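In what follows, chains are A, B, ... by sequence order, proteins preceding strands, each numbered from 1. Everything numeric in this text was worked out from a predicted model, so none of it was measured. Values below: every heavy atom of this structure, side chains too, minus hydrogens, waters and symmetry copies.
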Amino acid sequence: ELKVEQNPLFLSMQEGKNYTIYCNYSTTSDRLYWYRQDPGKSLESLFVLLSNGAVKQEGRLMASLDTKARLSTLHITAAVHDLSATYFCAVDMTSGSRLTFGEGTQLTVNP
Amino acid sequence: NAGVTQTPKFQVLKTGQSMTLQCAQDMNHEYMSWYRQDPGMGLRLIHYSVGAGITDQGEVPNGYNVSRSTTEDFPLRLLSAAPSQTSVYFCASRPGPAIHGYTFGSGTRLTVV
């Protein structure tokens, strides 16, 4: 059974600081996704990582995938308040027909 | 192009009642899935489909039925609602394998009393 673990689960940081969210998974997979969810809203796709060593960047967020270590990271650079949200990683176990999600990391960026 | 449309947005049921959560997508996506989201547990897969006429169980299928008679629609049926089914339900779709992420609907907040 595929397990996906994120840490930390709660992250409070100051504006302007850098931090990294980690996503570990238990079974070989080379497809990993990052989503953002604002309170009471749906999930928004941030990054699709499809191979070992993949790196994607959008604004202050950068995601990477190390399939050998079964680890993905979401790095936040110079955080701003607008980044406050819950971030989920999700892993494809089979042909992409089903995703297994981590518990989510609730990020709060304080002025 | 409406994306993934879920109805209703909110619903209150009494224990033992049945109902259907509707999900429709207009993007001609092959893959569709239903997830439930509970506090502290992320999203858990209920049922999924890789095309019309093909469905399969996910991680938490008990108490739910699905069917996929068309590419566009993927309804989720609660057979006899229980308080443990109080949750937020999300429908999602994608074109096919791998390279695309799933597009999620806006969710249905269900309370069973």
Side-chain angles (χ1 to χ4, degrees), chain A residues 1-10 21 23-27 29-52 54 56 58 63 65 67 72 74 85-106, chain B residues 2-7 9-10 23 25 27 29-61 66 68 74 87-109:
Chain A
E1 180 188 346
L2 172 61
K3 292 192 185 303
V4 181
E5 294 183 345
Q6 288 181 235
N7 71 84
L9 298 183
F10 299 93
I21 298 170
C23 174
N24 292 273
Y25 54 98
S26 61
T27 303
S29 172
D30 57 3
R31 293 184 293 272
L32 190 137
Y33 308 85
W34 284 96
Y35 289 89
R36 168 183 171 145
Q37 185 180 39
D38 292 304
K41 302 293 186 182
S42 185
L43 281 79
E44 173 192 356
S45 179
L46 293 175
F47 299 110
V48 178
L49 303 170
L50 298 177
S51 61
N52 186 41
K56 295 276 184 77
E58 180 73 32
L65 178 61
T67 58
S72 179
L74 180 65
T86 299
Y87 293 85
F88 291 95
C89 63
V91 179
D92 267 338
M93 187 170 68
T94 53
S95 60
S97 56
R98 50 187 297 171
L99 295 181
T100 300
F101 281 81
E103 296 167 287
T105 297
Q106 187 175 317
Chain B
V4 179
T5 302
Q6 289 186 238
T7 55
K9 291 194 185 306
F10 301 93
C23 176
Q25 52 91 7
M27 299 173 284
H29 285 177
E30 285 184 274
Y31 289 9
M32 296 185 75
S33 301
W34 276 103
Y35 293 86
R36 60 177 288 173
Q37 183 175 28
D38 302 293
M41 299 187 74
L43 281 81
R44 292 181 293 167
L45 181 65
I46 305 171
H47 286 285
Y48 65 100
S49 168
V50 298
I54 306 169
T55 63
D56 206 346
Q57 296 182 350
E59 184 184 352
V60 287
V66 291
R68 183 106 181 263
F74 191 42
S87 187
V88 180
Y89 291 84
F90 288 100
C91 179
S93 73
R94 75 193 293 180
I99 62 170
H100 300 281
Y102 273 91
T103 299
F104 281 79
S106 58
T108 295
R109 187 173 296 272

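For B:Leu43, the parts lying near chain A are the backbone and the side chain together; criterion is any non-hydrogen pair under 4.5 Å. For B:Gln37, the part lying near chain A is the side chain, with the backbone staying farther off; criterion is any non-hydrogen pair under 4.5 Å.
Side chains of B:Ser87 and B:Asp38: a donor-acceptor N/O pair is present below 3.5 angstrom, by distance only.
For chain B, the option among A:Glu103, A:Glu44, A:Gln6 with the highest count of heavy-atom pairs below 4.5 Å is A:Glu103. Interface remark: of the candidates B:Gly105, B:Ser49, B:Gly107, B:Gly105 forms the most heavy-atom pairs closer than 4.5 Å to chain A.
Under a 3.5 Å cut-off, the side chain of A:Lys56 and the backbone N or O of A:Val48 do form a donor-acceptor pair.
Residues satisfying the ring pair (Phe, Tyr, Trp, His ring centres under 6.0 Å) test with A:Phe101, not counting sequence neighbours, are A:Tyr35, B:Tyr35.
Interatomic distance, B:Gln6 CD to B:Tyr89 OH, rounded to the nearest 0.5 Å: 11.5 Å.
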